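Take a look at the structure set out below.
None of the values given here were measured: they were computed from a predicted structure. The sequence lines fix the lettering, A, B, ..., with proteins before strands; numbering per chain opens at 1.
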Number of protein chains: 2
Amino acid sequence: MRASDRAYAALRADIVHWRLPPGSVLAEVEQSERLGVSRTPLREALARLTAEGLTAAQRGRGVVVTDISLHQVRELFELRATLECRAAELASERGDREVFGQLSAELTGAAGLLNDPDPSRAAYYELVSRLDAAVDAAIGNSYLAQALKGLRVHLVRVRRLSQDNPGRLLAAAQEHATIARAIAKGNARVASAATTVHLDNSLDHLLSTNPQHPLTINTHPQ
Amino acid sequence: MRASDRAYAALRADIVHWRLPPGSVLAEVEQSERLGVSRTPLREALARLTAEGLTAAQRGRGVVVTDISLHQVRELFELRATLECRAAELASERGDREVFGQLSAELTGAAGLLNDPDPSRAAYYELVSRLDAAVDAAIGNSYLAQALKGLRVHLVRVRRLSQDNPGRLLAAAQEHATIARAIAKGNARVASAATTVHLDNSLDHLLSTNPQHPLTINTHPQ
DNA sequence: TCTTCACTCAGTGTATACAAAGACTGCGCG
DNA sequence: CGCGCAGTCTTTGTATACACTGAGTGAAGA
């Protein structure tokens, strides 16, 4: 694996998991020494991150990890709703019904996963990402799939803000199950509607647990 | 201006205007000598182009200008319809009515621009891009605006395929005027519908003037 | 005491040298 | 005559040295 790929993956993970919180300045020499690569591949990694919107180049001060305000979260969810509703419709028309039937069944029984002691809910999120992957494969549109992928990077970072409690996660799992069931039935209208409802609930939950603007207060959530 | 920016702008223009047709291999030393920059900024430019999807890295043979099949054009328009319809809706709700009223009037009178002897129709396309810019500003969603921007790069490249005749351009101008008028009236439903119609007509025209798959035959349209 | 200018220095932007990996070619063997 | 292998060579990947820009700081003058 190339050094630039390693640097990119490491930095991206650090940003997404808030080990590099918004506002962190990523000095080239400092990061290249930390990651054990030279400046050239590190610059390539930073360029990729900047293209994704995870970092931004500040004239004269290097690149910094971009901030996320609640206002931006709203914009993010507005685009997300647009893309995911369309994706749900297309998946309903073009998807493999068995795949989504199976996923729907698993999601309905996701309560078991949430009783798991794992605090990171890895098993649950893995199941959800399998649904995402199934939708990507079903829509048969690489441009749309790519747009969705680009969005999800930001959404994983935002997830840290939602401070999910078991109740919300259980409800979200059922909403996901509803979406998968509609796709399995080939009902595009319902799939789109269920997606709209799910995203609205998610955003409401996120906003209610983050009363005001100051997301930067949560910079070190530990 | 940085050397990497110049290299990026030059390569991007060359690709979009088909001076570097699909399949061209962009060897680093060759291009860096041609553009008068060293390999380092050129690599950065190539990385940006690859992130945009205009080029793709081929293991061991450098980066090549990506091909565009009719199938991909269909996918492109599918995503485009999704994003632009939503953008038209949001612009109807949030846009400045005077701005779009003015644009609508100009577009209605665009027949004059099309009688212009300029074969590149620069004046016409400048007017259309002003409509795009107005929509971007009106939607008030930087993520959606960014997604639209990323799409338009590919669309400019595809434009070369559509071999627009004056009749189609005039019809397109009227369709654009209809969209602008609906936005000016604040009628989101009609704005979205008019966008759907316009994009369907555009795709139909493009497909009818490119009978079969082999877009690569048009590699050197001059 | 405030403002401004110059100096220093940290850090990015660029060039180039070196290393490594993959592709092409030519030869030999079956 | 075809297939396979090895060697060479082109091209990318990485490291590092140098240049240049911009920011911060200190002192001096008003």
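There is no side-chain donor-acceptor pair under 3.5 Å between Tyr125(A) and Arg121(A).
The side-chain heavy atoms of Val64(B) and Thr55(B), taken from C-beta on, include no pair separated by under 4.5 Å.
Of the possible polar contacts, one joining the Thr66(A) side chain to the Gly53(A) backbone as a donor-acceptor pair under 3.5 Å is found.
Note on ring orientation: taking the six-membered ring where Trp is involved, the planes of Tyr143(A) and His154(B) are perpendicular (angle over 60°, cut-offs 30° and 60°).
Asp204(B) pairs by the salt bridge (charged side-chain N to carboxylate O under 4.0 Å, His left out) definition with nothing, not counting sequence neighbours. In this structure Ser162(B) satisfies the side-chain hydrogen bond (donor to acceptor under 3.5 Å, both in side chains) test together with Asp164(B), sequence neighbours excluded. Every salt bridge (charged side-chain N to carboxylate O under 4.0 Å, His left out) that Asp14(B) has, sequence neighbours left out, goes to Arg19(B), Arg34(B).
In the helix from dT1(C)-dA30(D) to dG30(C)-dC1(D), the terminal helix axes, each the rotation mapping four pairs' C1' atoms onto the next four within five end pairs, subtend 10°, rounded to 10°.
Tested against Arg39(A) for a side chain to side chain donor-acceptor pair (under 3.5 Å), the candidates Glu28(A), Gln31(A), Glu44(A) yield a single pass: Glu28(A).
Between Arg48(A) and Asp5(A) there is a salt bridge, since at least one side-chain N of the basic residue sits less than 4.0 Å from a carboxylate O of the acidic one.
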Scan nucleotides 8-10 of chain D against the protein and return all N/O pairs shorter than 3.5 Å with their distances rounded to 0.1 Å.
none

Exercise. Taking protein heavy atoms under 4.0 Å as touching, what does nucleotides 11-17 of chain D look like 5' to 3' if B marks base contact, S marks sugar-phosphate-only contact and - marks none?
Worked result: -BBBBBB
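Expressed to the nearest 0.5 Å, how far CG of Leu70(B) lies from CZ of Arg74(B) amounts to 6.0 Å.
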